Each structure stands twice: as C-alpha cells, then as structure tokens.
Amino acid sequence: MTLSNLEKVLHPATGFTKGELLHYYATAAEALLPHLRDRPVSFLRYPDGPDGQVFFTKNVPPGTPDWVGTTEVPRSEGPARMVLVQDLPSLMWAANLVTEFHTPQWRADAPDLADRLVLDLDPGAPATVVECCRVAVWLRDRLAADGLTACAKTSGSKGLHLLAALEPTPSAEVTAYAKVLAVEAEADLPELAIHRMTRSLRPAKVFVDFSQNAARKTTAAPYTLRARPAPTVSTPLTWDEVESCTTASELAFRAEDIAPRLARHGDLLEPLLDTGRAGSLP
C-alpha cells in the first residue's frame with residue numbers, strides 16, 4: 001500500500017497534515033474498528049481539505065484493492081456494492097483517501113434490522129452544544145425509563161449524538177420510536193427542543209433529528225475525523241462531562257486528545273458492542 005502526500009495540510013486552522021491524519025487513524029484503530037466492522041461504510045471525502053471539494057462516496061471507489069472487503073447492499077434503484085472496513089490495512093487504505101467515516105445503524109448481514117438507535121442533537125444558533133447537553137440528559141433519562149442505556153458522543157461538529165444498543169429491530173420501527181422521543185422532548189422542553197426540521201423554527205433550539213434511524217441514512221462514526229478547519233473528532237463522552245458542560249469549548253476534542261482519553265477511559269461506547277446489553281423497544 002502506498003501512502004501519499006504526507007506533508008499536505010488538510011486542516012488549515014492548525015496545519016494538521018495528511019501524515020498526521022494517517023497517524024491518528026493508526027493509533028485510534030483499536031477503538032474505531034469495532035464500530036465500523038460489518039457495517040457498509042460511506043465516505044465523505046475531503047482530499048484537499050474542508051475548503052476544497054467535499055463529496056460523498058457510497059459505492060466501492062474505482063481502484064479499490066481486492067483485499068478490501070465489500071458487500072452488496074439493497075437500494076431502491078437496485079443493489080449496490082459498498083466497502084467494509086474490517087481491519088487495520090483497510091482502515092489505512094480508506095484513511096489515505098482522506099475521508100470521514102459514516103455508517104448505518106444496521107450490519108451488512110441484516111440490512112433491514114437496526115441494532116442501534118441514534119438521536120442527532122443539532123443546535124440552532126445561538127444555541128450550542130451546551131443546550132444539546134441539557135436535551136441529552138432528558139433523553140438519556142427517557143430512554144432509561146424504557147430500559148435502554150444511552151451513550152453520548154460529540155458529532156465532531158456542533159452537536160451531540162446519543163446512541164443505544166438494540167436487539168435487531170426493523171429500521172422503520174426504530175425511526176417511529178425515535179420520533180416519539182423527539183416529540184416528547186419538544187413537549188417537555190419547549191424552550192429548548194424541537195423535532196421539526198423547518199429552519200425558521202430552529203434558532204436557539206436543539207433539533208432532535210430522529211431520521212438517521214432510517215435504513216438509507218448514515219451517521220458519522222465514533223472516532224472519525226471531521227472535514228472541519230481544525231482536526232475535530234466525533235468523541236465519546238462520559239455522562240459527567242455532559243451534565244457539567246457550561247461552554248462549547250469543553251467538548252471540542254481534536255485528534256491529539258483522543259489517545260489520552262482512550263488511555264484514561266477506554267472506549268466509552270463499548271456498551272454498544274455488547275449484545276448482552278442490547279435493549280428492546282417498548
């Protein structure tokens with residue numbers, strides 16, 4: 001495998017280079033790979049940095065080595081073939097393309113069944129991740145009332161993602177349940193939360209996006225770098241961090257922060273990988 005353009009600056013706010021990007025993925029691989037394994041990966045590529053061309057790649061890219069795993073996935077327009085990132089070599093090959101990693105809530109062997117629920121909390125200015133944290137705590141407790149254990153991570157952009165492990169469940173049912181939660185959050189936190197995507201309704205509120213549970217949708221994977229001016233990472237959080245957050249900068253983690261956090265906490269999203277801890281929808 002040839003790794004190219006190692007000195008190229010990809011994140012201009014800090015001068016973070018492609019070589020540093022590859023180093024980050026190599027050192028985060030042990031935590032990242034279990035969250036990618038057996039899930040068809042969509043790439044959001046930014047080969048010239050976030051100010052250059054940014055584009056989604058869902059199909060297997062031309063020139064993909066034959067040792068990189070692929071899988072056929074159903075689509076309304078007919079089956080397609082997508083990449084599986086199963087091991088360190090395929091992770092480093094994909095990282096060399098300069099990409100964010102996005103995955104669905106289902107695995108390749110069961111594309112109609114979600115094994116996790118996701119709620120994407122997106123703040124409308126002047127709201128920030130601080131307001132997202134308040135909504136996240138409400139949703140955590142609401143999920144717990146239904147026997148589901150929520151984990152939190154930053155999106156690596158502006159907001160938060162909440163995830164919960166599920167017994168395999170049809171994606172349509174998970175989406176419907178997630179919508180119920182979003183509607184309830186808006187009703188109980190009318191000054192904070194909204195479940196409708198309408199832009200005019202979202203300033204100063206947190207949009208609880210339930211739609212990413214649909215089978216065709218994907219969400220930024222844990223530990224992926226994001227195509228931002230600085231090398232921000234979608235970072236798992238402790239609930240203490242969520243509950244105590246008072247400024248957005250507290251939860252703005254970059255590539256260099258991840259190894260120390262893994263050493264201190266391990267993978268905070270490990271409960272998502274434990275089938276024994278998966279819950280069922282009520």
Side-chain angles (χ1 to χ4, degrees), residues 25 28-44 56-61 64-95 97 99-120 143 146-153 155 161-178 209-224 234 236 267-281:
Y25 278 119
E30 186 175 355
L32 167 60
L33 280 168
H35 296 286
L36 300 180
R37 192 166 290 124
D38 297 332
R39 297 183 191 275
V41 177
S42 298
F43 300 147
L44 181 63
F56 256 110
T57 299
K58 289 183 176 287
N59 296 329
V60 175
T64 298
D66 57 12
W67 46 264
V68 172
T70 64
T71 186
E72 188 174 277
V73 297
R75 289 188 185 158
S76 57
E77 63 272 24
R81 186 154 289 276
M82 296 178 67
V83 168
L84 293 173
V85 176
Q86 304 288 73
D87 50 28
L88 181 60
S90 56
L91 174 64
M92 298 312 295
W93 164 80
L97 299 176
T99 182
E100 296 180 4
F101 295 96
H102 291 245
T103 57
Q105 315 317 320
W106 44 267
R107 295 180 182 272
D109 61 354
D112 297 322
L113 300 175
D115 65 352
R116 60 181 55 172
L117 173 146
V118 61
L119 293 164
D120 180 2
L143 285 161
D146 282 342
L148 298 172
T149 301
C151 299
K153 68 181 180 74
S155 67
H161 295 155
L162 293 191
L163 303 107
L166 295 176
E167 295 289 340
T169 304
S171 295
E173 294 180 20
V174 181
T175 302
Y177 172 72
D209 185 357
F210 56 87
S211 70
Q212 292 182 29
N213 294 283
R216 69 184 184 279
K217 294 290 192 72
T218 60
T219 304
Y223 304 106
T224 187
S234 183
D267 178 16
L268 290 167
L269 297 188
E270 192 171 6
L272 297 176
L273 306 171
D274 184 355
T275 56
R277 299 174 72 170
S280 300
L281 296 188

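Quick caveat, the model's predicted, so the values are computed rather than measured.
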| said: Show the nearest heavy-atom pair for residues L97 and P61, with the distance to one decimal. | reply: CD1-CG, 4.4 Å
| said: Run the side-chain contact (heavy atoms from CB on, under 4.5 Å) test on T224 and L44 for me, step by step, so that the C-alpha distance in whole Å, both residues' side-chain angles and the decisive distance to 0.1 Å come before the verdict. | reply: CA-CA 11 Å; T224 187; L44 181 63; over 6 Å; no
| said: According to side-chain hydrogen bond (donor to acceptor under 3.5 Å, both in side chains), who are the partners of R116, at least two apart in sequence or on a separate chain? | reply: none
| To the nearest 0.5 Å, how far apart are CG in N213 and CG in L119? | 6.5 Å
| C151 vs P236 side-chain heavy atoms within contact, under 4.5 Å | no
| request: Please examine the side chains of L163 and L117, heavy atoms only from C-beta on, and report whether any two atoms are closer than 4.5 Å. | output: no
| field | side-chain hydrogen bond (donor to acceptor under 3.5 Å, both in side chains) partners for D38, two or more places apart | value | Q86
| message | Could you work out, with side-chain contact (heavy atoms from CB on, under 4.5 Å) as the rule, every residue matching T99, not counting sequence neighbours? | response | F43, R45, F101
| Would you call L32 and L91 a side-chain contact if the rule is heavy atoms closer than 4.5 Å? | yes
| query | Got a sec, which residues hit side-chain hydrogen bond (donor to acceptor under 3.5 Å, both in side chains) with S234, two or more places apart in sequence or on another chain? | reply | K153
| task | Only counting residues at least two apart or in another chain, list the ones meeting side-chain contact (heavy atoms from CB on, under 4.5 Å) with S155. | result | S157, H161, R226
| said: Checking F210 now: which residues fulfil ring-ring contact (aromatic ring centres under 6.0 Å, His included) with it, not counting sequence neighbours? | reply: none
| Exercise: identify the closest heavy-atom pair between P40 and P104 | O-CD, 3.1 Å
| task | Taking the side chain as every heavy atom from C-beta outward, state whether V83 and N59 have any pair of such atoms under 4.5 Å apart. | result | no
| task | Name all pairs fulfilling the salt bridge (charged side-chain N to carboxylate O under 4.0 Å, His left out) condition that reach into residues 71-83, sequence neighbours left out, sorted by first residue then second. | result | none
| query | How close do P271 and A165 get, heavy atom to heavy atom, and via which atoms? | reply | O-CB, 4.1 Å
| Does a donor on one side chain and an acceptor on the other come within less than 3.5 Å for Y223 and D267? | yes
| query | In chain order, what residues pass the side-chain contact (heavy atoms from CB on, under 4.5 Å) check against S280, with sequence neighbours excluded? | reply | E167
| task | Supply the atom-to-atom distance R216 CZ to S171 OG, rounded to the nearest 0.5 angstrom. | result | 10.5 Å
Check: residues 272-279 side-chain donor-acceptor pairs under 3.5 Å, at least two apart:
{"unit_1": "D274", "atom_1": "OD1", "unit_2": "G276", "atom_2": "N", "d": "2.9"}

| message | Any heavy-atom pair between the side chains of V41 and H102 that's under 4.5 Å? | response | no
| So, T103 side chain and L36 main chain: donor-acceptor pair closer than 3.5 Å or not? | no
| request: Please report the shortest heavy-atom distance between A94 and V85, naming the atom on each side. | output: CB-CG2, 4.4 Å
| request: Could you pull out all residues at least two apart from D87 that satisfy salt bridge (charged side-chain N to carboxylate O under 4.0 Å, His left out)? | output: none
Please tabulate, one pair per line, all N/O donor-acceptor pairs under 3.5 Å involving side-chain atoms of residues 105-114, not counting sequence neighbours.
{"unit_1": "Q105", "atom_1": "NE2", "unit_2": "T219", "atom_2": "OG1", "d": "3.0"}
{"unit_1": "W106", "atom_1": "NE1", "unit_2": "A215", "atom_2": "O", "d": "2.8"}
{"unit_1": "R107", "atom_1": "NE", "unit_2": "D115", "atom_2": "OD2", "d": "3.0"}
{"unit_1": "R107", "atom_1": "NH1", "unit_2": "R37", "atom_2": "O", "d": "3.1"}

| Shortest non-hydrogen separation from V68 to L84 and the atoms involved | CG1-O, 4.2 Å
| query | With a 4.5 Å limit on heavy-atom distance, are the side chains of L162 and V118 in contact? | reply | no
| query | Partners of S42 by side-chain hydrogen bond (donor to acceptor under 3.5 Å, both in side chains), sequence neighbours excluded? | reply | K58
| So do the side chains of T64 and W93 get within less than 4.5 Å of each other, counting heavy atoms only? | yes
